[in-house]
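So the structure is just underneath, and the comments pick up after that.
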Number of protein chains: 2
Amino acid sequence: MEVARDLFMQEGYAAGSMSEIATRVGGSKGTLYNYFASKELLFAALMKQECDIEALEASTLAVSGMNIHGALTAIGLRFLDFILVQRVVDIHRLVIAECGRFPELGRTFFENGPRRGVAILGDWMAEQMAEGRLRSADTERAATHFMELCKSGLHQKMLWNIEPAPSAAAKAANVEIAVTIFMAAYGPLDAPAPS
Amino acid sequence: MEVARDLFMQEGYAAGSMSEIATRVGGSKGTLYNYFASKELLFAALMKQECDIEALEASTLAVSGMNIHGALTAIGLRFLDFILVQRVVDIHRLVIAECGRFPELGRTFFENGPRRGVAILGDWMAEQMAEGRLRSADTERAATHFMELCKSGLHQKMLWNIEPAPSAAAKAANVEIAVTIFMAAYGPLDAPAPS
DNA sequence: GTCTATAGAAGGATAGAC
DNA sequence: GTCTATCCTTCTATAGAC
């Protein structure tokens, strides 16, 4: 499955062949078909595994004992460190490429990845709003906005194969400005926006 | 080329065959190869055409005589009306799917689409900043932020084949909140943020 | 369980008649 | 310019020996 994943990420689902997978793995096609009844089932099993990895990553949020600014910065950095890695971008590229032919692929990844992440971040923001550290607002929308601000153009540039993974400094800069913008729009009203 | 575009959008580049294109267009494969020397050249010609369409759309900005709030709303609505259409999303899906194998594909689309759009919007924002209607800031970043806020989660949901094109009302709602957030963060300092 | 061998279909591309 | 026919490769999937 690891070999198959790499091949499909490199060549795409249609262009990646079972023969090539068998060759790369050092076995024969007959044996490969003993493990997976069809190319489609191998692909489904493979993507399910990747989806679980994504779900695990989206489920964690460790920001205890930080002020709101530091917590948002930590959340943003962790988010970018996860999605701006070549392997993850390649998986997303494969999901986007094939979700037209495998409709449940996009939905499954979305539910386990972005949607879960937004829900968890939204819940955390709801707490912050209740305690007056953030302005009252739609939590899901606020969480989505924050993530989009963090990504800014970086994710698209990788997805479109224009630039490789950005440096830690570039990511940190993006998060810093994202936090500033976010707090100006969603921060408590008694704290005026900075210049 | 129209037929080929539709087939590739539906099946993907690798899975869409020259035979199928010839059949759909009502001709023969031999004739098709008289017009395009190879499948790859047909694909390149086709994507170049789509790219030009995108470039044309990204080049226009008509907001004369509006206040900043109305202008941003108009810009955001026009932007969403363009990118949240199934055909455009399908093209983007194809670009993302194939830019790993055709590196210049992603770059060409990016330069003519998003980059051009950001540059034009950034220039307009520079004027607004100079006249005190927006806070002074990095114009390219501000333009990118505004577009990301307008898209919010809508574009991804279409790209991942989770939802069809949103209604006009849904787009308008997204733009309205995007303008509010944007103005809270980038609006002039003398106008306090609304509740 | 793993291999070789192969069936059966489809793909890209070309040759050559008209 | 357009067609039919075909070459050669490659694909998914299976059969059957060991």
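Lettering follows sequence order; numbering is per chain, from 1.
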Given [options], the nucleotide with the shortest approach to the side chain of [X]:
{"X": "B:Y33", "options": "C:dT2, D:dT12, C:dA13", "result": "C:dA13"}
{"X": "B:S17", "options": "C:dG11, D:dC11, C:dA13", "result": "C:dG11"}
{"X": "A:K29", "options": "D:dG1, C:dA13, D:dA13", "result": "D:dA13"}
{"X": "B:K39", "options": "C:dC3, D:dA13, C:dA13", "result": "C:dA13"}

What is the separation between atom [atom1] on [X] and atom [atom2] on [N], rounded to the nearest whole Å?
{"X": "B:I21", "N": "C:dA10", "atom1": "CD1", "atom2": "P", "value": "17 Å"}
{"X": "A:L32", "N": "D:dC11", "atom1": "CG", "atom2": "C1'", "value": "13 Å"}
{"X": "B:E11", "N": "C:dA10", "atom1": "CD", "atom2": "P", "value": "13 Å"}
{"X": "B:N34", "N": "D:dT4", "atom1": "CG", "atom2": "C1'", "value": "14 Å"}
{"X": "B:M18", "N": "C:dG12", "atom1": "CE", "atom2": "P", "value": "7 Å"}
{"X": "B:L7", "N": "C:dG11", "atom1": "CG", "atom2": "P", "value": "10 Å"}
{"X": "A:F36", "N": "D:dT12", "atom1": "CZ", "atom2": "P", "value": "15 Å"}

Verify whether one side chain among A:Q86 and A:D90 offers a donor that lies under 3.5 Å from an acceptor in the other.
yes
Scan A:S38 against the nucleic acid and name what it touches under 4.0 Å (heavy atoms): base, sugar-phosphate only, or nothing.
sugar-phosphate
Remember a base hit wins even if backbone is also touched, and classify A:T31 as base, sugar-phosphate or nothing at under 4.0 Å, heavy atoms.
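Base, at least one base heavy atom under 4.0 Å.
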Inspect the surroundings of CZ in A:R116 and state if more than 12 heavy atoms from other residues, nucleotides or ligands are less than 6.0 Å away.
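Buried by this count: over 12 neighbours within 6.0 Å.
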Is the NZ or CZ atom of A:K151 positioned over A:F79's six-membered ring, under 6.0 angstrom from the centre and within 45° of the axis?
no
Would you tell me if any nitrogen or oxygen in the side chain of A:S28 comes within less than 4.0 Å of OP1 or OP2 on C:dC3?
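For C:dC3, OP1/OP2 do have a side-chain N/O of A:S28 under 4.0 Å.
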Does C:dT2 have its OP1 or OP2 closer than 4.0 Å to a side-chain nitrogen or oxygen of A:Y35?
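Answer yes for this pair, as a side-chain N or O of A:Y35 is under 4.0 Å from OP1 or OP2.
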Are A:F146 and A:Y186 close enough that their ring centres sit under 6.0 Å apart?
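Here the rings of A:Y186 and A:F146 have centres that are no less than 6.0 Å from each other.
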Looking only at heavy atoms, which two atoms of A:I21 and A:F8 are closest? And how far apart?
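Reported closest heavy-atom pair: CD1-CZ, 4.0 Å.
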Quick check: on DNA chain D, is the nucleotide nearest A:E20 upstream (toward 5') of the one nearest A:G30, or the reverse? Name the residue that is more 5'.
A:E20
